[in-house]
Amino acid sequence: MAEVGSAPTSWVPEKAKLHMAMMVFQLGYGGNHVIMKIALNMGVNKLVFPFYRNIIALLALAPSAYFLEKESRPKLTLYFLIQFFVLGLIGITLNQGFYIYGLYYTSPTLASATENSVPAVTFIMATLLGMEQVHLTRKDGIAKVVGTIVSVAGALVITLYKGPTIYASNQTANKSLLLSFGDAEGKYWTIGCICLIAHALCWSCWIVLQAPLLKKYPARFTFVSYSCFFAVIQFGAIAACIDRDAQAWKISSAGEVLIILYSGLVASAMVFAIQVYVVDRGGPLFFSMYLPLQTLIAAVMATLILGEEFYLGGIIGGVLLIAGLYLVVLGKNEESKYVSEKATTIPSVPEGPGEESSIIQPLLHDSV
């Protein structure tokens, strides 16, 4: 059996594989915003639903982890189990918990737009942890810092300023039903935005902390399976403590079954597998720079399916988020050029015995 972590010869370049994987990721995850909104308006319990969702994801991922990584899986230690538990708590339990409450109080378009802050937040966390360097005397450092500030400003605009409606659906026949699905009017909009910002923080933290763990424990399916396992336990315990009504645990319709299957198989199992693969091969920043695509996907689906209205604050904030993202990416590209030019002009100095390289691995690999 081929080793999972190896890079077999293929006619498809590694760079192309990463881009194709992220396109599939965005298509699958972008639709989840709208599907989850439908589920919430069908009355699913906001804690029980992710419990079932992650059970489905675990059942889909565990066989792959067992069979594909049986020979290459590193020895499981208490150190790794603790990290799996913590990353499951941050990246799945808190991440999905904040998301589902934020989505309930706002809208699919806003939920996807807020996630555009993940690249900038990822960059900030990586800088604080010493995984990313900032040079304020160079163009790349200035671009990354300005992009981060602009992205954070966009998130604040979305949170604090709703603004007037700039587009309203003309689907008058089913207006009442569509508004119940797509309009967040009358709900706690600011609370929902705060939950979405917390969701973005948890996701960014998960992405950054994954990278060093995958270097020590390269069995990607095993890592994400254990994270799902611990998330199932965590969601089950939280739901059992908060909502003890037996009716909340019942699945009442075929529609709920289909939504749980989609969320578990596509929005969790497939998305988790692609995320750990891309973070391992392309770096955290490469993964996060693709997230703005889902805003367009979610906005189109929310308009066509839910009749959602567009607000000025969401548009302004979304534009700032995307502008900040591409400034960060521009800074990374300039940094890669600077490193390449420096490498061609300065001869490499061999390291002496016992000396370690001081080079820090970048979040966005130069080959991507």
Side-chain angles (χ1 to χ4, degrees), residues 29-30 32-47 49-50 90-91 93-122 124-125 148-169 176 178-206 238 242-243 288 291-292 294-296 298-299 301-303 306-325:
Y29 189 72
N32 185 60
H33 295 296
V34 175
I35 291 174
M36 282 294 299
K37 187 68 174 182
I38 294 175
L40 289 171
N41 285 278
M42 291 173 64
V44 299
N45 187 282
K46 290 183 283 296
L47 294 174
F49 179 85
I90 296 173
T93 304
L94 293 178
N95 186 13
Q96 292 182 5
F98 281 125
Y99 169 77
I100 199 168
Y101 276 94
L103 178 65
Y104 178 72
Y105 288 126
T106 58
S107 66
T109 301
L110 182 59
S112 61
T114 307
E115 289 176 352
N116 291 336
S117 64
V118 170
V121 177
T122 300
I124 294 175
M125 290 183 175
T148 300
I149 295 174
V150 171
S151 184
V152 172
L156 290 176
V157 169
I158 291 176
T159 304
L160 302 176
Y161 178 66
K162 187 176 181 180
T165 301
I166 62 172
Y167 175 80
S169 173
S176 60
L178 292 172
L179 284 178
S180 69
F181 280 134
D183 190 14
E185 187 70 38
K187 296 182 179 179
Y188 300 104
W189 186 269
T190 301
I191 294 177
C193 291
I194 293 173
C195 287
L196 291 176
I197 296 298
H199 153 66
L201 290 173
C202 289
W203 198 356
S204 298
C205 188
W206 191 31
I238 294 172
I242 294 179
D243 196 341
S288 61
L291 293 179
Q294 64 172 314
T295 303
L296 177 61
M301 292 187 66
T303 302
L306 307 181
E308 183 181 288
E309 296 180 343
F310 289 93
Y311 297 98
L312 180 61
I315 297 298
I316 295 175
V319 170
L320 289 175
L321 285 169
I322 294 175
L325 163 69

Contacts of I149 meeting side chain to side chain contact (heavy atoms under 4.5 Å, CB included) (sequence neighbours excluded), chain-then-number -> V145

Has K46 got a side-chain atom pairing as donor or acceptor with L40's backbone, closer than 3.5 angstrom? no

Scanning both residues in full, the closest heavy-atom pair of A111 with Y99 reads CB-CE1, 4.0 Å

Between S204 and V118, is there a donor-acceptor pair closer than 3.5 Å when you use the side chain of the first and the backbone of the second? yes

For M36 and I100, the nearest pair of non-hydrogen atoms, with its separation, is CE-CD1, 3.4 Å

F49: what forms a ring-ring contact (aromatic ring centres under 6.0 Å, His included) with it, not counting sequence neighbours? none

What are the two closest non-hydrogen atoms of L201 and V121, and how far apart are they? CD2-CG1, 3.6 Å

Is there a side-chain contact (heavy atoms from CB on, under 4.5 Å) between L47 and Y101? Walk through the geometry before answering. CA-CA 9 Å; L47 294 174; Y101 276 94; 4.1 Å; yes

To the nearest 0.5 Å, tell me how far Y104 OH sits from N41 CG. 7.5 Å

Under the side chain to side chain contact (heavy atoms under 4.5 Å, CB included) test, which residues partner L94, sequence neighbours left out? L89, F98, C202

Considering all heavy atoms of both residues, which atom of C193 and which atom of T106 are nearest to each other, and what is their separation? N-CG2, 3.9 Å

Gap between atom CD1 of I90 and atom CH2 of W206 - 0.5 Å precision: 11.0 Å

